[in-house]
Amino acid sequence: MNPTDTSAPSNFIHEMIEKDLETGRFDGRVQTRFPPEPNGYLHIGHAKSIVLNFGIAQKYNGKCNLRFDDTNPTKEEEEYVRSIIEDVRWLGYDWGERIFYASDYFDQLYKWAVQLIETGHAYVDDLSAEEIRAYRGTLTEPGKNSPYRERSVEENLDLFERMRAGEFPNGAKVLRAKIDMASPNMNLRDPVLYRILHAPHHRTGDKWCIYPMYDFAHGQSDSIERVTHSICTLEFENHRPLYDWLLDTLGIYHPQQIEFARLNLSYTVLSKRRLIELVENSYVNGWDDPRMPTLSGLRRRGVPPEAIRSFAERIGVARNDSIIDVSLLEYHIRQDLNKRAERRMAVLHPLKIIITNYPEGQVEMLEAVNNPEDESAGKRTVPFSRELYIERRDFNEDPPRKYFRLAPGREVRLRYGYFVTCTNVVKDEHGEIIEVHCTYDPETKGGYAPDGRKVRGTIHWVSAAHAINAEVRLYDRLFTKHNPLDAEEGKDYKDYLNPNSLEVLAGCKLEPSLSEARPGERFQFERLGYFSVDPDTTEGRLVFNRTITLRDTWAKIEKQQRK
Ligand code: ATP
Ligand code: MG
């Protein structure tokens, strides 16, 4: 995929909606919904669905609901509800008053279950979960009818009522749709609609001890909300006949279910179950660890929501599963930050240089451009003095060919400052370089020599006396494998965790204007990458996250590996 191709990606869902608008199928309405189950934090795969559903509402002057699919009280929590609300807002979407919970529909869903029993379309089954599985048959063999399938309507009504009243333990009975145990579609082989679960629900408390299954709750919730286009991922394609059967059999308003391919991203995993595993076993530092593909992790890392939106729009939707290269997401992050992030100077691995001919005690305020991509960002001043820090790797005592930075006898430009020439190297008793001595040319202020002489290298720096200290956290990909789920025999995705995905640098030196930086603010550290202020920052302790490097170093590494 060419990342610079900005033509609108083809979107078969838009085409379907436009056709429905033309034929007046839903009276010209467009109503979508984003239906997360509050059993984990949202990840970038969910962002694809959010951008799609809310984007469609915006494009066609429709509405998009936020609906919590909260039918499983044992896995769902209020914390997840809160985080999901925060993340969808952060992405830039607004559902107005239209926030809903499937649990608000439990009374209606119960009535519909009774209706199915009364019309002979559902029955109470005493088979155990294991027996139900055994009776279900396989893809090549039809299933067998349960011995309880022919119970009378009266008996079913009585048993279902008693299930609700709490007379039976978990698993003793279920309510099943009576469809066809020989259907080639396994989902139509008398699917379970309700199960007994003596567990309090985070919203309905102890009111219920039977809970609807996903398939029974989802379509009916869509119907209640008068959703027009119920967009979901491909694994639900085989559920669509059941979705349709339930709505038709109940004789209620019938939305159109449409499936699209879920987002998979290289070098990470997008599945709540696995992300929970990473969090609970402390492979990462929580859901918002900046290495996580969660929206809260990306936010903490400094990724702007606009970059996620433009990425999601760029990849579009398709009907076939594929893995999108994470470098495409990184491209969108760089594009966005390049426009908005102000430039600053920061030294991550400091080496002191002393400008021996610069007057002791003198300080000059030099002018620096905040963002060459955005003139309105203005300018700032940075202090220059006799002692500075530069990056260790910007000095080389024995420079290889094509090394144009500082080296003995070499002249380089200090960004926004002067030309300096290295005159001497000071080492400690172990031979470690502790200081580099230079002279500067006072005629070169602003970075140009009046005699027209050129230097090949420009390096950044921070005045030692004015520098502020910071901790900087560098992140790399969380996994070393393109598709961690494609594990070798006897391994699993966790065996491909990158042991070097986090590097913490203490004692980094920043230009003093950054002392005012607040959590969430983003900067480009010149020549180093984009960085954002971490919420761990407190008075007197500044912590930065590297959001992303300036260039795609991985593309290079992968190219070399392929050779
Ligand atoms: P996971 O597989 O990560 O556990 P899920 O599908 O169980 O996710 P839900 O809370 O049910 O998570 O998802 C809410 C919505 O987000 C659903 O409509 C689902 O189809 C969509 N969604 C989830 N993962 C992805 C993905 N990787 N790409 C696109 N859409 C996704
Ligand atoms: Mg799900």
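Remember, it's 1-based here, ligands and their atoms both numbered in the order they're listed. None of the values given here were measured: they were computed from a predicted structure.
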Query raised in the report: With no hydrogens and no angle check, is any side-chain donor or acceptor of H121 less than 3.5 Å from a backbone partner on T119?
Result: yes
Using distance alone, decide if ligand 1 has a nitrogen or oxygen within less than 3.5 Å of any nitrogen or oxygen in [X].
{"X": "N39", "value": "no"}
{"X": "G45", "value": "yes"}
{"X": "E235", "value": "no"}

Report task. May I ask which of E37, H218, R274 has a heavy atom nearer to atom 11 (O) of ligand 1 than the others do? Result -> E37
Query raised in the report: Considering only heavy atoms, which of K48, H43, R273, R33 lies nearest to atom 3 (O) of ligand 1?
Result: H43
Requested in this report: Please tell me if the side chains of E521 and T537 come closer than 4.5 Å, counting only heavy atoms from C-beta onward.
Outcome: no
Query raised in the report: Any chance the side chains of T74 and N72 put a donor and an acceptor closer than 3.5 Å?
Result: yes
Query raised in the report: Would you say the side-chain atoms of E161 and Y110 include a donor-acceptor pair closer than 3.5 Å?
Result: yes
List every atom of ligand 1 that sits less than 4.0 Å from any heavy atom of [X], numbering the atoms from 1 in the order shown and giving each element.
{"X": "P36", "value": "10 (O), 14 (C)"}
{"X": "P35", "value": "14 (C), 18 (O)"}
{"X": "H46", "value": "8 (O), 9 (P), 10 (O), 12 (O), 13 (O), 14 (C), 16 (O), 22 (N), 23 (C)"}

**Report entry** Within reach of ligand 1, part of F34 (heavy-atom separation under 4.0 Å)
**Finding:** side chain
Report task. Could you walk me through whether Y60 and Q31 pass the side-chain hydrogen bond (donor to acceptor under 3.5 Å, both in side chains) test, one step at a time? Result -> CA-CA 9 Å; Y60 298 105; Q31 172 74 62; over 6 Å; no
Query raised in the report: Got a sec, which pairs hit salt bridge (charged side-chain N to carboxylate O under 4.0 Å, His left out) with one end in residues 180-193, sequence neighbours left out?
Result: R149-D190
Query raised in the report: More than 12 non-hydrogen atoms from neighbouring residues, nucleotides or ligands closer than 6.0 Å to CD on E78, yes or no?
Result: yes
